[in-house]
Amino acid sequence: MGRENHALITGLFLIALVTASTAIVFWIGTMNQERNLYIISTRESVSGLNPESTVFYRGIAVGKVLKVKFDPLDSGIILIPVEVDKNIVLSKGVYATLRLKGVTGLTQIQLEDSGAISEVLPPGDNPMTHIHLVPSLTDRLMDTGEELLHKADHLMQRLSSLLNDENEKNIGGILSNLKTLTDKLSELQKSVDKALTGIPALTTDARKTLTNIDGLTNDLQKLTGEVQNLSVKAGNLVDSGKNTGDALTQSTLPKVNKLLTELQSTAQQVKRVATILENNPQELLLGPSQRDSGPGEPDYKEPK
């Protein structure tokens with residue numbers, strides 16, 4: 001009995017020693033780590049989330065999950081108490097998502113801050129300060145997977161109806177037409193290549209033509225200068241003609257008119273003399289005969 005009691009006492013001592021060592025190590029490990037309590041709430045599924053899961057803030061491990069439980073006042077809400085290092089200051093704009101841990105199927109908490117609210121989020125179990133768990137990208141893809149499969153099935157049905165026998169023949173005809181068009185384009189390309197071969201000679205002719213045009217332009221410029229000089233001389237000639245016309249109108253023509261008037265008067269006198277000589281030649285020697293004054297003439301006397 002003594003040996004059995006000694007073995008039992010030794011075993012109990014070892015168990016107590018291991019338990020005490022574990023408690024001391026855990027106490028030493030958590031002695032300098034003061035943490036705040038925050039509550040994450042959600043109505044979504046939290047598959048793969050277990051107590052002691054790591055809590056990350058912007059990709060850095062800052063705490064752990066204490067437990068996962070239902071809200072005693074509303075079974076539709078899941079509450080996830082977490083501990084976060086006290087030196088991490090969370091704002092009221094923080095939110096949580098689930099992220100997969102490798103290929104194990106387990107999930108962890110990922111805290112993100114939108115930056116829209118700078119007010120500090122106080123720790124504690126206050127429903128007004130709960131952190132909301134929003135669906136992650138994987139969750140959204142899983143939720144929309146059924147809809148995507150339905151759309152894919154609908155698309156396959158449309159493709160099947162599109163690729164029926166009649167449409168397949170039409171597509172074959174279109175491909176044949178495309179091949180014919182491609183051959184014609186190839187022939188057209190060859191023709192274009194041949195046409196491009198003569199472009200250098202055409203370019204040389206065009207340069208010669210441009211040279212001749214430049215010479216013609218210079219000649220036209222010279223001719224334009226001569227025309228301008230001729231226009232100036234013509235203007236001067238017009239001015240001289242205008243001055244001569246003015247002098248002719250104002251001076252010469254009145255003198256000519258006066259001379260013509262005097263010539264007309266002289267001609268009338270000569271005509272009168274010729275008439276007198278023709279009728280009475282003796283008047284040339286005897287002088288004009290005196291005659292009585294007629295009515296209306298000077299010295300006219302009425303008969304008594």
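Computed from a predicted structure; not experimentally measured.
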Worksheet item: So, do I78 and V68 sit near enough that their side-chain heavy atoms are less than 4.5 Å apart?
Response: yes

Item to complete: To the nearest 0.5 Å, tell me how far T10 OG1 sits from I15 CD1.
Response: 11.0 Å

Practice prompt. Enter the distance from Y38:OH to H130:NE2 here, rounded to the nearest 0.5 Å.
Written response: 12.5 Å

Practice prompt. Give, for atom OG of S53 and atom CG of L66, the distance between the pair rounded to the nearest 0.5 Å.
Written response: 11.0 Å

Discussion item. Less than 4.5 Å apart, side chain to side chain, heavy atoms only: is that true for I109 and L98?
Written reply: yes

Worksheet item: Is it true that atom CZ of F70 has more than 12 heavy atoms of other residues, nucleotides or ligands lying nearer than 6.0 Å?
Response: no

Discussion item. Quick check for you: to the nearest 0.5 Å, what is the distance between N50 atom CG and K67 atom NZ?
Written reply: 14.5 Å

Under 3.5 Å, which donor-acceptor pairs link side chains of residues 119-129 to any protein atom two or more places apart or in another chain?
unit_1	atom_1	unit_2	atom_2	d
E119	OE2	K92	NZ	3.1
N126	OD1	M128	N	3.2
T129	OG1	N126	O	2.9

Worksheet entry | Partners meeting salt bridge (charged side-chain N to carboxylate O under 4.0 Å, His left out) with D183 (sequence neighbours left out) | K179

Item to complete: Write down the atom of K64, the atom of V55, and the distance for their closest heavy-atom approach.
Response: C-CG2, 3.5 Å

Item to complete: Could you pull out all residues at least two apart from D74 that satisfy side chain to side chain donor-acceptor pair (under 3.5 Å)?
Response: R43

Fill in: Gap separating the CD1 atom of I171 from the CG atom of L178, nearest 0.5 angstrom
11.5 Å

Worksheet item: Which atom names give the shortest non-hydrogen contact between T107 and L49, and what distance separates them?
Response: OG1-N, 3.1 Å

Worksheet, complete the sentence: Between I39 and L79 the two heavy atoms that sit nearest each other are CG2-CD2, 4.1 Å

Worksheet item: Nearest heavy-atom pair of G93 and I117: which atoms, and what distance?
Response: N-CB, 3.9 Å

Discussion item. Does V82 form a side chain to side chain contact (heavy atoms under 4.5 Å, CB included) with I131? I'd like the steps, not just the answer.
Written reply: CA-CA 10 Å; V82 298; I131 300 173; 5.7 Å; no

Worksheet, complete the sentence: Here the gap from L133 atom CG to T42 atom OG1, rounded to the nearest 0.5 Å, amounts to 4.0 Å

Discussion item. More than 12 heavy atoms of other residues, nucleotides or ligands under 6.0 Å from CD1 of I60: yes or no?
Written reply: no

Worksheet item: If Ile, Leu, Val, Met, Phe, Trp and Tyr residues are connected whenever their side-chain heavy atoms lie under 4.5 Å apart, and connections chain through other members, are V46 and L111 in the same group?
Response: yes

Item to complete: Measure across V84 and I88 and return the closest heavy-atom pair with its distance rounded to 0.1 Å.
Response: CG1-CB, 3.9 Å

Fill in: Non-hydrogen atoms of V89 and Y57 that approach each other most closely
O-OH, 4.4 Å

